[in-house]
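Naming convention: chains lettered A, B, ... in sequence-line order (proteins, then strands); numbering from 1 in each chain.
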Amino acid sequence: MTTATLQAEPQPVARVARTYLNERTTIASWLLTTDHKRIALLYMVSITLFFLIGGAAATLMRLELLTPQGDLVASDTYNKLFTIHGVVMVWFFLIPSIPTVLGNFLLPMMIGARDVAFPKINLASWYLFMGGGAFAVFSILSGGVDTGWTFYTPYSSTYANGHVIAMATGIFIAGFGSIATGLNFIVTTHKMRAPGMTWMKLPLFVWSLYTTSIILVLATPVLAITLALMALERAFGVGIFNPSLGGDPLLFQHLFWFYSHPAVYIMILPGMGVVSELITCFARKKIFGYQFVAAASVAIAVLGFLVWGHHMFVSSQSIYAGMIFSVLSFMVAIPSAIKVFNWTATLYKGSISFHTPMLYALGFIGLFTIGGLTGLFLASLAVDVHVHDTYFVIAHFHYIMVGGMVMAYLGALHFWWPKITGRMYPEWLAKLAALSIFAGFNLTFFPQFILGYLGMPRRYHVYAPEFQVLNVLSTAGASILALGYFLPLGYLLWSWKYGKIAGPNPWRATGLEWTTPSPPPKDNFDTTPIVTEGPYEYDPRATEAELRAAHA
Amino acid sequence: MPEIALAPVEHQFENAEQQREAATMGMWVFLATEALFFGGMFLGYTAYRTYYPEAFAEASRHTLVAFGSINTAVLLISSTVMAFAVRAARMNRRGLLSILLLVTASLGTAFLVIKGFEYAREISEGLLPGPKFHIETSDPVHAEMFFYLYWLMTGVHALHVTIGVALIGFFALRAWLFDAFRDHDTPIDLLGLYWHFVDVVWVFLFPLIYLAGRHS
Amino acid sequence: MRTFFNSLFPPQASNLAPKVDAIYFALLGLCGFVALLVCLAILFFCVRYRRGSGADRTPPKWRQRPFELAWTITPFFIFLGLFFWAAEVFFGMSRPPRNATEIYIVGKQWMWKIQHPDGRREINELHIPIGQPVKLIMTSEDVIHDFFIPGFRNKQDVVPGRYTTEWFTPTKAGSYHLFCAQYCGTNHSRMVGNIYVMEPAEHAKWLAGQPAPDSLIAAGERAFRNRGCSGCHAPNAAIRAPLLDGIYGKQVPLSDSSLVTADDQYLRNSILLPNKQIAAGYEPIMPTFQGQIDEQELNAIIAYLKSLWEGDVR
Amino acid sequence: MNEMHPTPRTYIINCVALLALLGLTIAAAYLNLGPFNTVVAMLISLAKGGLIALFFMHLRYSKPLIWIFAGAGVFWLGIMLVLALGDYLTRGWR
Ligand code: HEA
Ligand code: HEA
Ligand code: CUA
Ligand SMILES: [Cu+2]
């Protein structure tokens, strides 16, 4: 293993280099920074906090579900827990995760720019995010909300108790933060590329951020207006969605899913981008079918807008609409398939090493495939009638969102950690964490597929006793998972101070971001780079030859 | 709205050309999001109108078509003036620019005042949905739905007009006092785009609200 | 072994269950195969081409495009096939047979109220005989609920303000879970019940043991009188209003010169929102009964109106 | 961008055209065209919106990229309306 590592010699640091971290150190210099790298770190800290809130809610939920009776918390509390969990995990953790942390940090560097196009708007987006977060936390602390993350009317607008309006306001505001980020990324990708950085030379991570941003910009405003209408209905009895005032509750669902289905691709595309980077780097091979992988991102972003009705197969929408949405849902799976197959093909004849980021990437492919394939079950009309709103759906999306996206996020953090901090994380501890997360994850969520087909509905605080065994397994897995998540939290912090010095390019990866010192200086590049090569000029044979030479 | 660059070229850009193109593009992207923001309400309107065409037609007859038409004209003319203002900025004619901006803002204000009179009349006639809502039609439930949508859509639009008027006034002042846009007309360009967009939204609102049931 | 299997797989107790399960198993097979293929390929490459393995790494000669096309087009056709199969079954699920027993379901926070055609009522329990198709006509008094019977593989949202339907033919005697599958507030998870599927003879015995019901139609007829409907709609009424005999299932001409079929939804709207659709040739004078008649009484009235139906068009 | 710019004449003509279309749409609304009233009204609105975008918003003189983003908003709005109405209009079908 030691011989297999290809880390460059740590560079002796003669004098303290000027980096974006030590350039200025006052608190104000952080809170008022317009440097994309610092904003990325602000986001990193914030979403970690939100992940802990969402994770704490999940922990309590899993504990409650150990027994079929509701003995740990009351029904209302349980309902608030899954609402908090869903809202926080989706809008305050997973949607911002890779785009705002790694996207902010890397996008300008990857295309050879000094910053994003609108640095002040970038900072503003963080404040919007935190403002929205403040509303959400307020509504949690002052009693919570019990509508589920989907806020279906007329329950949310008329019958629910709790601070629905505060929560909706929080999401509304945070949504504008998302829009600002998306707008920034789109313009940055279009206008800030270094000379020679053509579209066909863009790293696939940039492609994925770009397509994600398109969704952010075109879908989020619909969520904003939908939640605003719901809040108005709740506050003033405006009857848009209220059947007793002549409204149609399904209109809310149409509007909500018009946003929320594309939003699931906001949650997976950046992960796919990360995996494309990791697979190539650790297999030392050019990606197989670059153009197809890039085009698949675009296809997912566009087709993703055409399938929202698959969440409404049994909602009493027209059966003909159901059929259209079903066939389109199958079609949106094709670009995902293209990606999976191309990643697999990339491994062929590579020179593969298994550092922690690669473990996460491989985990992503496996778990995303399972999650995606079960999405096909859900897209099949007759089967969805049975499994809709059961734990089958819960398992489906956790496989993609936790097994896929959270893995990709952790993989990306480990991969770019040396760039962000200038330090290496401890490899063995990190591998241990990756493996326990993988094992814990499967133990938590695999049983839920079975539970779902058995018919256990979701959002159930008490359940039929015959479901208990599988639930106990799931809770056991969740404990392992929780421990697995705490490890990186600890050792990454530790390594910031005590980790090995990493040097500019510990992975010997291609990509402009690796041509800068670690951590990078404030303006990233001394001179604007000129790009002549494609993004993945790796050569597995050269790597092998070097390795043999080192041995001899 | 994309920020207004004070320094000619900010550090992240290579040159002024890149900076201007980035800002213009940012504005267009922003307008696309605005279109979908309004789009949610348009969908609600379309869905209910296809379901309850009679109720919507009858309710629509309770709106004041004269006021609506005048207001449309006011906005169209203000857009024209705005277009001239953008041109004045490009030609570095500070005085003309501030005057044209002021005219645009006044037309915007006129729009709001007229809309305000309309609102006042509708409230007094019981056309504000709520406990006091009252309308002489055969399907009051869905006539009320029309008025929910009416207040929402015109309300959100009026909010946009208000923001526009405030910004235009502020820019007029800056042009007049500091000659802030000499050789630097991008902000005025963007402001113009925003104002024209608000106009386009109204162009669609007008027939949906005022003209839905005029022929019968 | 059997019990172990039963703890992993729900009972198949309706005509729909085998059809849905067939698709499910086909998907399991297909997706399991694809997942296995992908994972095995990854595993194989990871071992064979691990760094320093000495395997041959000369770049292969073949071109990429054929591969890309193959793995774009193959899933496309597989997916189309899956879609048609599942849609076909789904379509069948949404078309109840004509001879189905019609049972009215009203969901409310947090219980199921069930009215049989003969007027018997049950709460959170439904007793039905084997082999007889059942059509549920469902609505809600407050928020959206969902009538879910895992053993039957069927579920349908129950939406306030309108009727939704769901049907099945029970095929196996026993007791099956009924769950509310749409989140509806505090006691969502307690909005559960049981479906008892009985042999016809046993069902008859059970029926005999029940107190004699006031039939739904009789209740409806009473309500029709008490609520004053007959004051306008009786043949001898002073006010001119349409006669309702035989209305169900007919094409009714409306004042805007369109035609509608007088189905459950239409009757419901005529009573709650009478001015939404005006029968051609009448004044819109019928008062609305929204907020005065509750869902169960409404169901009774509609059942009564349906019983006035003569003729054979359905 | 600077070479080709609308002249004051263009703006004035555009303004007059817009006001004329406004008159037309009002007049059309008082004719009974059956279901076509809405169609005509929307077509005229599209024309007006198009004129504003093309000339006042300088779309006509802009790069293709700007066209794409202007089109994207409209296109996605279309997706929303068409697919959602696909549900609303077929709900009664059996
Ligand atoms: C990141 C998040 C994410 C992603 C990427 C997806 C991706 C997909 N989802 Fe999922 N989904 C959710 C998150 C996500 N989903 C959430 C959160 C919910 C529940 C919301 C709620 O109600 O709270 C949900 C619910 C949901 C439903 C509604 C279920 C219900 O409530 O009844 C449906 C139905 O069609 C569905 C389908 C799909 C499909 C077809 C895909 C496809 O994009 C998947 C494509 C990928 C693959 C198919 C795998 C790789 C392909 C191959 C290896 C190809 C080869 C295969 C063959 C040839 C067979 N999802
Ligand atoms: C988007 C991302 C996301 C993520 C990352 C997760 C992560 C997890 N989720 Fe999920 N989940 C959703 C999104 C997500 N979830 C959504 C959208 C819903 C639907 C909500 C709804 O129905 O409205 C849902 C619903 C949901 C349910 C179904 C609830 C129900 O319907 O009744 C369950 C049940 O097991 C569950 C479990 C978990 C678990 C065990 C994790 C684990 O991966 C979490 C692991 C993390 C930790 C463990 C953090 C570590 C921190 C601590 C342990 C702090 C401990 C401190 C104290 C307790 C003081 N989630
Ligand atoms: Cu009723 Cu859930
Ligand atoms: Cu979806």
Are the side chain of Ser98(B) and the backbone N or O of Arg94(B) linked by a donor-acceptor pair below 3.5 Å? yes

What part of Leu232(A) gets closer than 4.5 Å to chain B, counting heavy atoms only: side chain, backbone, both or neither? side chain

Contact origin within Met25(B) toward chain A - heavy atom pairs under 4.5 Å: both

Between Ile214(A) and chain B, with a heavy-atom cut-off of 4.5 Å, which part of the residue counts as in contact: side chain, backbone, both or neither? neither

Rounding to 0.5 Å, atoms CD1 (Ile209(B)) and CZ (Phe56(B)) come to a distance of 10.5 Å

For the interface with chain B, which of Asp523(A), Val238(A), Leu251(A), Thr220(A) has the highest count of heavy-atom pairs at distances below 4.5 Å? Val238(A)

Start with the C-alpha gap between Arg90(B) and Asp189(B), add the side-chain angles, then the distance that decides, and say whether salt bridge (Lys or Arg N to Asp or Glu O under 4.0 Å) holds. CA-CA 9 Å; Arg90(B) 178 164 297 118; Asp189(B) 242 18; 3.6 Å; yes

Using only non-hydrogen atoms and a strict under-4.5 angstrom cutoff, which residues of residues 104-116 of chain A touch chain B? Arg114(A), Asp115(A), Val116(A)

Would you tell me whether Tyr210(A) and His190(A) have side-chain atoms, one donor and one acceptor, within less than 3.5 Å of each other? yes

In terms of ring plane angle, is the pair Trp202(B) and Phe111(B) parallel, tilted or perpendicular, where the classes change at 30° and 60°? perpendicular

Is Glu34(B) in contact with chain A via its backbone, its side chain, both, or neither, using a 4.5 Å heavy-atom distance? neither

Under a 3.5 Å threshold, yes or no: a donor from one side chain and an acceptor from the other, between Trp308(A) and Ser260(A)? no

Just checking heavy atoms, which of residues 146-157 of chain B are less than 4.5 Å from chain A? Tyr148(B), Leu149(B), Leu152(B)

Phe256(A) and Phe252(A) aromatic ring geometry - parallel, tilted or perpendicular at 30°/60° bounds: parallel

Tyr51(B) portion near chain A, given a 4.5 angstrom heavy-atom threshold: neither

Mind checking whether Phe42(B) and Phe38(B) have parallel, tilted or perpendicular rings, split at 30° and 60°? tilted

What part of Glu144(B) is in contact with chain A, defined as an atom under 4.5 angstrom from a non-hydrogen atom: side chain, backbone, both or neither? neither

Chain B heavy atoms under 4.5 Å from Leu255(A): which part of the residue, side chain, backbone, both or neither? side chain

Working to the nearest 0.5 angstrom, can you tell me the gap between Arg234(A) CZ and Phe241(A) CZ? 14.0 Å

Measuring from Phe129(A):CZ to Leu42(A):CG, what's the distance to the nearest 0.5 Å? 11.0 Å

Approximate separation, where rounding is to 0.5 Å, of His261(A) NE2 and Leu306(A) CG: 9.5 Å

What part of Tyr48(B) lies closer than 4.5 angstrom to a heavy atom of chain A: side chain, backbone, both or neither? side chain

Top contributor to chain B interface from Ile240(A), Ile186(A), Ile179(A) [non-hydrogen pairs under 4.5 Å]: Ile240(A)

Euclidean distance, Ile114(B) CD1 relative to Asn71(B) CG, rounded to 0.5 Å: 4.5 Å

Measure from the ring center of Phe181(B) to the ring center of Phe171(B) and say whether it is less than 6.0 Å. yes

Below 4.5 Å from any heavy atom of chain B, which atoms of Tyr259(A) appear? Answer side chain, backbone, both or neither. neither

NZ of Lys115(B) to OG1 of Thr109(B): how many Å apart, nearest 0.5 Å? 16.0 Å

Determine, using ring centers only, whether Trp257(A) and Phe325(A) are less than 6.0 Å apart. no

